[in-house]
Amino acid sequence: MRCYQLPRTGAGIDALVQVELPDPKPAHRQVLVKVGACSLNFRDLLIIRGTYRAPVRENLVPLSDGAGEVVEVGSGVTRVKVGDRVAGCMFQRWFGGEAPAEAHKAALGGGIDGMLAEYAVLEEDGVVKIPTHLSLEEAATLPCAGVTVWNAMMEHAKLTVGQTVLLQGTGGVSIFGLQFAHAAGIQVIITSSSDEKLARAKALGADHCINYKTTSEWEKAVRAITDDHGVDHVVEVGGAATLARSFGAIRVGGKISVIGVLTGYATELDSALILARRVNVQGISGGSMQMFAAMARAIAWGAIKPVIDRVFAFSDVPAACRYMASGGHFGKIVIRVA
Ligand SMILES: NC(=O)c1ccc[n+]([C@@H]2O[C@H](COP(=O)([O-])OP(=O)(O)OC[C@H]3O[C@@H](n4cnc5c(N)ncnc54)[C@H](OP(=O)(O)O)[C@@H]3O)[C@@H](O)[C@H]2O)c1
């Protein structure tokens, strides 16, 4: 089979090489998936650049996200059958409940080989059937960004109708957050560096839009929008440059899901920020297979279509990575495999 490999984490985009490997075989309770499409996540760039904080194997087949068709099942498989259309779960051994401490050791495109290949062997409990209204390209966008923001909004913050969430930027995580919030009657305040992207977010249902370049103290704008109350939930993807401002935007007793590091990891925080507003701060790392299945049901019910910015050919993976690094995208970047 054709696949890409990254010789070691930190090797950079130019080190990605296309290679031929023997077709893999599914073992007991595993399935073989013919991959139709993959999608990129900022995590994949962190791994390629060597700034990811979890184990990464050598000669890694990159990417956590992919979808395809089951073409063979190993012994003992009962959850899926040949012909089913499935997406892989980023964490192959996190069925439900709390994440196991060693979850990252079995993370696609990190601790273990990922989806950027013509075929992938996955655990039967590490796949989810995809909604019938989605193409494989659309379904390939779900596993990392979709499940993570679902976990943040529905499991951590337990948002309900009429509450307000703050989403940062218009990348994969935030645009899924916008779509889920819109479907669930949750008010959205979203930020972006681009007025044009904010107009697109508005068209998708965003209630309030703030340009974080022209309004650098955007947390004050959030407080003004919410009558100085603050938002119920912040989906924190910015990291170093946004975290302190997120405390300015949250309501007393609100929840901040710490997900991303788009602007770096380390920052200074005044603990009074947490104390004074009694903020619940939770690190979020992906989600379980059961969360993915719940999200897939919601996507099917709401006929939600993931927002794909561009689809690249399998031969153009380095260009796709550079495009993601440029930050020019809105929503998800997809790679067609089959
Ligand atoms: N913890 C987890 O399990 C998990 C899962 C998924 C993602 N993540 C993390 O979450 C972050 C987002 O991931 P992604 O895949 O959605 O990335 P992405 O698609 O590459 O999103 C990039 C977008 O983020 C926005 N952005 C950049 N700097 C910003 C800032 N200072 N303030 C607000 N927005 C800013 C920009 O939006 P505009 O162009 O609109 O300005 C940019 O286009 C990454 O750090 C990623 O590693 C973590």
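Starting from 1, each residue takes its place in the sequence as its number. Predicted model only: the values in this text are computed from it and were never measured. Start at 1 and go down the list; that is how both ligands and their atoms are numbered.
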Distance-only polar pair, side chains of His233 and Thr164, donor-acceptor under 3.5 Å: no
For atom 17 (O) of ligand 1, the protein heavy atom that lies nearest, with its residue and separation: Phe42 CB, 3.6 Å
Minimum-distance pair of heavy atoms, taken over all atoms of Gly109 and Arg43: O-NH1, 3.7 Å
Passing candidate, side-chain contact (heavy atoms from CB on, under 4.5 Å) with Gln187, options Asp232, Asp207, Val231: Asp207
Subset of ligand 1 atoms that lie under 4.0 Å from at least one heavy atom of Leu46: 47 (O)
Min heavy-atom dist Ser194 to ligand 1 below 4.0 Å: no
Atoms of ligand 1, numbered as shown, that sit under 4.0 Å from any heavy atom of Thr170: 37 (O), 38 (P), 39 (O), 40 (O)
Expected output: side-chain Arg85 to main-chain Pro131 donor-acceptor under 3.5 Å: yes
Leu262, portion touching ligand 1 at heavy-atom distance under 4.0 Å: both
Within-cut-off N or O pair, Thr191 and ligand 1, under 3.5 Å: no
Heavy-atom nearest neighbour in the protein, as seen from atom 39 (O) of ligand 1, with distance rounded to 0.1 Å: Lys197 NZ, 2.8 Å
Proximity flag Lys332 to ligand 1, non-hydrogen atoms under 4.0 Å: no
Atoms of ligand 1, numbered as shown, that sit under 4.0 Å from any heavy atom of Gly169: 25 (C), 33 (C), 34 (N), 37 (O), 40 (O)
Which residue and heavy atom of the protein sit nearest atom 7 (C) of ligand 1, plus the separation: Val173 CG2, 3.5 Å
Donor-acceptor pair, side chain of Asp270 and main chain of Ala272, under 3.5 angstrom: yes
Taking atom 8 (N) of ligand 1 as the reference point, the nearest protein heavy atom with its distance: Ile259 CG2, 3.6 Å
Atom pair CD1 (Ile13) and CZ (Arg49), whose distance is rounded to the nearest 0.5 Å: 6.5 Å
Whether His329 side chain and Thr170 backbone form a donor-acceptor pair below 3.5 Å: no
N/O separation below 3.5 Å, Ala145 to ligand 1: no
Heavy-atom check, side chain of Ile48 versus side chain of Cys321, under 4.5 Å: yes
Residues Asp44 and Tyr52: side-chain donor-acceptor under 3.5 angstrom: no
Heteroatom distance test (Gly172, ligand 1): nitrogen or oxygen, under 3.5 angstrom: yes
Geometric N/O contact Ser174 with ligand 1, under 3.5 angstrom: no
Trace of the side-chain hydrogen bond (donor to acceptor under 3.5 Å, both in side chains) decision for Ser288 with Glu98: CA-CA 8 Å; Ser288 67; Glu98 271 199 32; over 6 Å; no
Shortest protein heavy-atom distance from atom 33 (C) of ligand 1, along with the residue and atom involved: Tyr212 CE2, 3.4 Å
Closest protein heavy atom (residue, atom, distance) for atom 21 (O) of ligand 1: Gly171 CA, 3.3 Å
Atoms of ligand 1 close to Cys144 [distance to a heavy atom under 4.0 angstrom, numbered from 1]: 5 (C), 6 (C)
Non-hydrogen atom of Ala241 closer than 4.0 Å to ligand 1: no
Heavy-atom donor-acceptor pair, Lys332 side chain to Ala145 backbone, under 3.5 Å: no
Sidechain-backbone polar pair: Glu138 side chain, Pro306 backbone, donor-acceptor under 3.5 Å: no
Any N/O pair Gly286/ligand 1 closer than 3.5 Å: yes
Euclidean distance, Leu21 CG relative to Asp113 CG, rounded to 0.5 Å: 8.0 Å
4.0 Å heavy-atom contact, Gly327 with ligand 1: yes
Identity and separation of the nearest protein heavy atom to atom 31 (N) of ligand 1: Thr263 CG2, 3.4 Å
Atoms of ligand 1 close to Ser192 [distance to a heavy atom under 4.0 angstrom, numbered from 1]: 38 (P), 40 (O), 41 (O)
Closest protein heavy atom (residue, atom, distance) for atom 18 (P) of ligand 1: His329 NE2, 3.3 Å
Ligand-side contact atoms (ligand 1) for residue partner Ile284, heavy atom cut-off under 4.0 Å: 1 (N), 2 (C), 3 (O)
Glu196 backbone acceptor or donor facing Ser194 side chain under 3.5 Å: yes
Subset of ligand 1 atoms that lie under 4.0 Å from at least one heavy atom of Ser193: 38 (P), 39 (O), 40 (O), 41 (O)
N or O pair under 3.5 Å between Thr242 and ligand 1: no
Gap between atom CD1 of Ile225 and atom CD1 of Ile189 - 0.5 Å precision: 4.5 Å
